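A short write-up of the structure that comes next.
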Amino acid sequence: MVAAARSEGNDRLHAALYEAVPYDLRTEMVRLLEVPEKKRVSEPERLRLGPMRVSGRAMELALDRAREVRGLGAGAVDAG
């Protein structure tokens with residue numbers, strides 16, 4: 001019963017979040033899942049991978065990556 005209730009709750013949550021995302025943003029997010037030609041990973045996977053070293057340059061790259069993620073527009077969705 002607990003698993004069924006949890007599954008039902010997750011389904012409602014996913015439906016609510018899906019409806020909260022504007023169509024244009026949804027379309028863009030789905031497009032980002034495609035792996036570009038001559039690349040090994042999708043854009044979200046590339047953004048997910050953090051710097052491998054601890055250095056000033058790695059911090060700069062991490063901040064650039066954070067800007068890219070914010071630029072995708074997902075933060076504009078009201079998830080409340």
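As the structure is a prediction and not an experimental result, all values here were calculated from the model.
Inter-residue side-chain proximity for Arg31 and Thr27 is flagged as unmet; no heavy-atom pair is nearer than 4.5 Å. Leu72 has its side chain within reach of Leu32: a pair of non-hydrogen atoms, C-beta onward, lies under 4.5 Å apart. In this structure the side chain of Arg46 reaches within 4.5 angstrom of the side chain of Glu68, judged on heavy atoms.
Applying the under-4.5 Å side-chain rule to Ile, Leu, Val, Met, Phe, Trp and Tyr, the cluster around Met59 extends to Leu63.
Taken to the nearest 0.5 Å, the CZ atom of Arg65 stands 14.5 Å off from the CZ atom of Arg70. Rounded to the nearest 0.5 angstrom, Glu45 CD and Leu33 CG are separated by 11.0 Å.
Met29 is connected to Val69 through a chain of hydrophobic side-chain contacts under 4.5 Å among Ile, Leu, Val, Met, Phe, Trp and Tyr, so both are in one cluster.
Residues Pro36 and Ser42 share a closest heavy-atom pair of CD-CA, 4.5 Å.
Arg26 CZ: more than 12 foreign heavy atoms inside a 6.0 Å radius.
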